[in-house]
Amino acid sequence: MKDSHYEKSYQLAHEAYAEIGVDTEIVMENLQKVPLSLHCWQGDDVGGFESPDAELSGGGIQVTGNYPGKAGTIQELRGDIEKVFSLIPGKHRLNLHASYGEFGGSKIDRDKVEPSHFSGWAEWAKEQGVGLDFNATFYSHPLAEAGFTLSSKNKGIRDFWIEHAKRSRKIAAYLGKELGSPAIHNTWIPDGFKDYPVDRIGYRNILKNSLDEIFSEKHPENFMKDAVETKLFGIGSEAYVVGSHEFYMFYAALNNVMVCLDLGHFHPTELIADKISSVMLFSDELLLHVSRPMHWDSDHVVVLNDDIRFLGEELVRCGKLDKIHIGLDFFDATLNRVGAWVTGTRAALKGLMIAMLQPIDKLVEYEEAGNYYGRMGLSEQLKSMPFGAVWDMYCMRNGVVQENRVVPEVFTYEKNFLQKRN
Ligand code: RNT
Ligand code: ZN
């Protein structure tokens with residue numbers, strides 16, 4: 001399609017939305033202000049670069065598939081991320097895990113990681129003009145194999161992970177300082193039991209104490225902020241997860257840290273969209289891990305499904321988009337990883353744009369008047385409005401390909417780069 005056709009489609013869409021009281025120009029301006037934090041681990045199946053052949057192991061998360069082309073070095077990963085950034089409208093961030101440091105071929109254990117191992121990332125992020133976020137890595141390690149890290153009853157193991165967490169928070173503070181934008185440090189641990197535990201309270205008490213110890217080290221808020229990620233169950237922790245939703249909700253509320261809600265960490269029919277308003281009435285900020293659970297915490301690539309639409313709607317409607325940090329957390333090794341990143345990230349942005357293109361005042365008016373047909377009927381009408389024309393225009397104005405060019409771009413990159421990897 002010619003550029004002039006995109007212009008025409010956009011003009012028609014602009015008029016159609018104006019008729020229902022929505023200004024598409026303002027929507028584009030608002031979406032431009034929303035950064036997403038892209039997860040570095042999509043590019044290499046959560047492997048990290050602690051050793052040349054590092055791969056995800058243990059810890060209640062799993063990646064299936066062996067599609068060729070995964071990033072085998074940090075340079076390849078950065079190249080892939082640069083490609084991804086070039087195909088996504090807006091300015092975004094990158095979310096790193098401690099296992100992605102530049103360790104120069106030597107074995108640096110998790111209790112020895114330092115800011116210097118991430119100075120290369122800081123330099124790269126400066127060149128890219130993106131902020132960074134950070135995570136301690138509590139899986140794929142011999143001392144995580146027994147299933148317990150910060151809540152371990154073994155003091156040696158526990159202290160090892162406490163040290164790792166403290167160092168990771170320091171690295172986050174370093175990155176935030178270097179880049180002039182606070183890094184969110186997220187703590188997720190895999191601790192739990194496959195079968196019914198006896199001492200439920202014991203492990204949770206230990207976790208509470210470990211977190212107290214970790215967070216007793218303070219860092220300036222403009223360098224780093226903390227989040228703790230809740231979970232209902234994982235592979236091998238079906239019966240009991242120490243860091244459950246209730247545990248972290250209370251912990252976060254009482255200790256001035258953020259809670260992190262991952263779409264895949266709840267019962268299959270629970271919606272994150274319904275949790276945001278409750279959290280935001282009692283907490284200043286919130287971290288999200290946007291993913292696509294399928295029957296379980298499967299971390300499928302995000303697509304524009306109802307969950308994402310509901311999430312976008314709630315993010316826009318609650319009016320606190322600037323206080324909610326949107327991270328992505330999906331990985332699927334059965335398909336082109338760069339494509340997964342691009343399509344998943346674009347889907348999350350589309351969810352937000354669709355929500356912004358709604359006449360919220362009118363919907364609230366129907367709701368308050370008890371006119372529930374009006375609320376439902378208008379919501380349904382919105383679904384067939386020309387959102388795609390606004391999205392394509394948004395991409396064009398950001399110097400990024402329109403929707404129909406995404407797949408060919410990914411194929412070309414695959415042919416020129418990914419297929420040349422072994
Ligand atoms: C696991 C959590 C966690 C991880 C990443 C890699 O269930 O969702 O956020 O996916 O830290
Ligand atoms: Zn997550």
Side-chain angles (χ1 to χ4, degrees), residues 39 59-64 186 188-197 200 227-253 258-283 286-318 320-321 324-332 340 343-344 347-352 354-355 358 363 367 372-373 375-380 382-383:
H39 51 316
I61 44 177
Q62 204 175 60
V63 185
T64 44
N186 180 47
W188 175 74
I189 58 165
D191 302 25
F193 277 118
K194 184 182 179 80
D195 213 342
Y196 301 129
R200 286 181 188 268
V228 286
E229 183 173 359
T230 82
K231 190 158 182 167
L232 173 67
F233 73 95
I235 301 164
S237 61
E238 289 83 357
Y240 170 75
V241 168
V242 185
S244 62
H245 190 54
E246 297 71 23
F247 176 90
Y248 280 132
M249 287 281 281
F250 278 106
Y251 192 89
M258 269 176 255
V259 79
C260 169
L261 303 180
D262 183 308
L263 268 72
H265 289 195
F266 295 88
H267 285 284
T269 57
E270 267 184 283
L271 288 176
I272 297 279
D274 186 49
K275 301 180 189 299
I276 292 172
S277 48
S278 302
V279 172
M280 294 311 286
L281 285 174
F282 299 97
S283 173
L286 166 66
L287 174 64
L288 298 179
H289 272 185
V290 181
S291 183
R292 174 162 55 110
M294 200 178 286
H295 305 297
W296 62 290
D297 179 32
S298 59
D299 301 294
H300 278 63
V301 181
V302 168
V303 292
L304 185 56
N305 61 9
D306 277 354
D307 289 2
I308 294 302
R309 299 169 70 108
F310 290 147
L311 176 65
E313 285 174 352
E314 188 50 36
L315 287 171
V316 171
R317 292 171 182 175
C318 78
K320 292 179 188 274
L321 205 39
I324 302 177
H325 308 276
I326 309 172
L328 304 173
D329 186 9
F330 51 79
F331 30 91
D332 180 348
T343 292
L349 288 171
K350 285 179 204 163
L352 282 168
I354 289 174
Q358 298 185 349
L363 289 163
E367 182 164 274
Y372 303 138
Y373 171 68
R375 182 179 66 183
M376 184 189 74
L378 176 53
S379 302
E380 202 58 15
L382 292 169
K383 290 182 188 168

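The residues of the chain are indexed from 1 along the displayed sequence.
- Applying the side-chain hydrogen bond (donor to acceptor under 3.5 Å, both in side chains) criterion to D332, with sequence neighbours excluded, gives T334.
- Scanning both residues, C318 and I324, for their nearest heavy atoms gives SG-CD1, 4.1 Å.
- The backbone N or O of L363 sits nowhere less than 3.5 Å from a side-chain atom of R375 that would complete a donor-acceptor pair.
- Side-chain contact between H289 and H265: absent, with no pair of heavy atoms (C-beta onward) separated by less than 4.5 Å.
- Residues V303 and R292 meet the side-chain proximity criterion, which asks for heavy atoms closer than 4.5 Å.
- Residues passing the salt bridge (Lys or Arg N to Asp or Glu O under 4.0 Å) test with E313 are R317, sequence neighbours excluded.
- When all heavy atoms of V301 and A340 are compared, the closest pair comes out as CG1-O, 3.4 Å.
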Inset, instruction - Begin with the C-alpha distance, continue with both residues' side-chain angles, and end with the deciding distance and a verdict on side chain to side chain contact (heavy atoms under 4.5 Å, CB included) for V259 and L286. - result: CA-CA 6 Å; V259 79; L286 166 66; 3.6 Å; yes
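- Taking the ring-ring contact (aromatic ring centres under 6.0 Å, His included) definition, one finds that F266 meets it with H245, sequence neighbours left out.
- Side chains of H300 and S298: a donor-acceptor N/O pair is present below 3.5 angstrom, by distance only.
- When the options V228, T230, D262, I61 are evaluated for a side chain to side chain contact (heavy atoms under 4.5 Å, CB included) with W188, the one that passes is I61.
- W296 places a side-chain heavy atom less than 4.5 Å from the side chain of I235.
- With hydrogens and angles ignored, the 3.5 Å screen pairs a side-chain donor or acceptor of S291 with a backbone N or O of D329.
- Partners of Y248 according to the ring-ring contact (aromatic ring centres under 6.0 Å, His included) rule, which considers only residues two or more places apart in sequence or in another chain, do not exist here.
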Legend entry - Verdict with supporting geometry, V302 and L263, side chain to side chain contact (heavy atoms under 4.5 Å, CB included): CA-CA 10 Å; V302 168; L263 268 72; over 6 Å; no
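- Pairing each heavy atom of V316 with each of A355, the nearest pair is CG2-CB, 3.7 Å.
- For R309, the salt bridge (Lys or Arg N to Asp or Glu O under 4.0 Å) criterion is met by no residue, not counting sequence neighbours.
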Per-pair distances, 0.1 Å, donor-acceptor, side chain in residues 267-278, under 3.5 Å, sequence neighbours excluded:
{"from": "E270", "atom 1": "OE1", "to": "H267", "atom 2": "N", "distance (Å)": "3.1"}
{"from": "E270", "atom 1": "OE2", "to": "K275", "atom 2": "NZ", "distance (Å)": "2.5"}

